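Before any comments, here is the structure.
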2 protein chains.
Amino acid sequence: MDQHAPVTQGDAGKDSVRDRLLDAAEVLFCERGFDGVSVRDLTGQANCNVAAVNYYFGGKDKLYQEMFKRQVQDICCRQIARINEAMGVPNPTLESVLREIIFMPLLAAYEKQQRGRIMRLMVREVLNKTVHGETILEAFHTQMMTHAVQALRTLVPQLDDKQARLAVFSVDSLKIHPFLFMDEFFAVNPGINFDEMVNHIVFFAAAGIRAMAAR
Amino acid sequence: MDQHAPVTQGDAGKDSVRDRLLDAAEVLFCERGFDGVSVRDLTGQANCNVAAVNYYFGGKDKLYQEMFKRQVQDICCRQIARINEAMGVPNPTLESVLREIIFMPLLAAYEKQQRGRIMRLMVREVLNKTVHGETILEAFHTQMMTHAVQALRTLVPQLDDKQARLAVFSVDSLKIHPFLFMDEFFAVNPGINFDEMVNHIVFFAAAGIRAMAAR
DNA sequence: GTGTATTTTAAACAATTGTTTCAAATAATA
DNA sequence: TATTATTTGAAACAATTGTTTAAAATACAC
């Protein structure tokens with residue numbers, strides 16, 4: 001009936017039309033957003049026929065969602081893994097864990113890697129209030145918040161749950177803002193390099209958290 | 001020649017077609033973004049003919065820019081005024097000035113006022129990398145940064161210029177993130193009300209700044 | 001090989017987009 | 001009032017949009 005996408009079971013060779021479309025979607029949508037990319041742009045990049053989008057995904061928006069869901073899951077897993085890794089070393093300190101959480105994502109944005117662009121697209125989506133807001137943020141802010149709060153309370157036992165949640169949110173603020181406005185950061189902070197930026201953020205976040213624990 | 005918009009000098013009565021279009025643009029674009037609003041949506045809301053957009057502004061994008069430029073200027077002025085006001089009272093402290101800067105914008109977002117929606121649109125625009133990024137951020141991050149750095153160094157004389165800029169950027173981070181993700185904030189911080197949120201941000205920011213000054 | 005299912009293709013679809021046209025209406029000026 | 005200039009209006013414009021169609025090509029099973 002409305003089973004647009006045929007079963008397509010099996011591996012399909014990793015360079016099938018379906019996969020090429022997903023790759024094209026990842027690149028183009030991140031560059032120009034949903035409305036900025038036409039179906040013909042996608043099929044042009046993927047070297048396939050216009051009808052392929054509807055044949056395999058059932059529509060432009062379905063392709064968008066499919067690509068999006070994968071990326072969110074990917075980012076989410078990576079972030080949780082980073083926390084676990086940072087907590088797993090012999091003597092984890094607040095600063096070392098903060099650095100682990102902050103360094104890599106910011107570096108991805110700094111070097112304008114695809115990973116950084118995906119995050120920008122995600123924020124854009126949430127601001128645009130398009131479909132996915134709930135789905136994204138749920139997995140994001142439930143799974144990840146739980147992990148982060150638990151780790152933080154291990155590192156700074158004086159914090160109760162309420163305080164830890166506030167702290168995690170503020171660390172997120174300090175990380176995501178320069179993440180989104182990386183170019184602007186260096187524009188208004190002349191004579192500062194990438195490492196100094198990271199050092200500052202880690203220092204500032206740690207100071208805030210320590211002050212919370214002290215009062 | 002390409003003088004699409006006739007001179008239109010004089011007051012025009014404050015409810016002219018031109019003004020109604022600007023009002024409609026402010027509301028609709030903030031709700032659904034540039035691509036989400038058609039010329040017919042605008043002229044429908046403004047109760048005028050489709051051709052009016054091109055007649056008065058020379059195109060949909062020109063109307064968008066006009067509306068945008070006004071709002072940015074407005075926000076910028078208001079923010080600088082807030083800093084001046086907070087610094088003008090008898091004994092301004094770091095905390096009192098931070099509170100003044102942070103409280104009102106967040107309240108606007110919390111109450112879902114138009115002012116809050118405009119800021120979201122601005123961030124969206126910067127992320128979308130549409131035309132205005134440079135223009136906005138220049139006025140924004142040049143004028144405002146200068147004012148804020150000066151005020152901060154008065155309050156905390158131990159900070160040099162470099163430190164003060166970093167501090168201002170981090171305060172901005174702590175403010176803008178919950179501004180954008182207000183709903184998510186309260187979702188992941190159950191049992192916290194608006195005042196507690198503001199108190200936390202002020203406390204956290206002040207602690208970071210004081211730590212910078214102390215080292 | 002034959003026959004069936006899957007994939008690919010070019011063409012056309014209907015709807016919406018921003019913009020233009022030009023005549024009618026209104027305001028302003030003399 | 002007569003003569004401009006300005007503003008409004010309905011209609012049409014060309015271009016692009018996402019999607020569908022139906023025939024051709026390919027793959028697969030037997």
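We use all heavy atoms of the structure for the numbers below, so side chains are in, but hydrogens, waters and symmetry mates are not. Note that the structure is predicted; figures quoted are calculated from it, not measured. In what follows, every chain begins at residue 1, and chains take the letters A, B, ... in the order their sequences are listed.
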- Item | Protein-nucleotide distance (A/Leu28, atom CG; D/dT17, atom P), rounded to Å | 13 Å

- Do the side-chain N or O atoms of A/Tyr56 get closer than 4.0 angstrom to the phosphate oxygens (OP1, OP2) of C/dT8? yes

- Note on the structure: note: A/Leu21, atom CG; C/dT8, atom P; distance rounded to Å ~ 10 Å

- To the nearest angstrom, how far is A/Arg40 atom CZ from C/dA10 atom P? 13 Å

- Message: So if I take every side-chain heavy atom of A/Tyr55 and compare against C/dT19, D/dT19, C/dT8, which nucleotide ends up nearest?
- Response: C/dT8

- Item | Closest-nucleotide 5' rank along DNA chain D - winner of A/Asp41 and B/Val17 | B/Val17

- Nucleotide nearest A/Ala51 (side chain, heavy atoms from C-beta), chosen from D/dT21, D/dG18, D/dA11: D/dT21

- Closest non-hydrogen atoms of B/Pro178 and B/Ile201, given as atom of the first, atom of the second and distance, are CG-CD1, 3.7 Å

- Select base, sugar-phosphate, or nothing to describe what A/Ala52 touches, counting heavy atoms under 4.0 Å on all strands. nothing

- Message: Rounded to whole Å, please give me the gap between CG in B/Asn47 and C1' in D/dT8.
- Response: 13 Å

- Spacing between A/Tyr64 atom OH and D/dG18 atom P, to the nearest angstrom: 13 Å

- Sort out for me which residue in B/Gln79, B/Lys69, B/Arg115 forms a side-chain contact (heavy atoms from CB on, under 4.5 Å) with B/Asp74. B/Arg115

- Query: Just how far, in rounded Å, is C1' of C/dA10 from CG of A/Asn54?
  - Reply: 15 Å

- Item | Interatomic distance, A/Arg40 atom CZ to A/Asn49 atom CG [nearest 0.5 angstrom] | 9.5 Å

- Query: Any salt bridge between B/Lys162 and A/Glu196, counting N to O under 4.0 Å?
  - Reply: yes

- Just how far, in rounded Å, is P of C/dG18 from CG of A/Asp35? 11 Å

- Query: Whole-Å distance between C/dG18 P and B/Lys60 NZ?
  - Reply: 4 Å

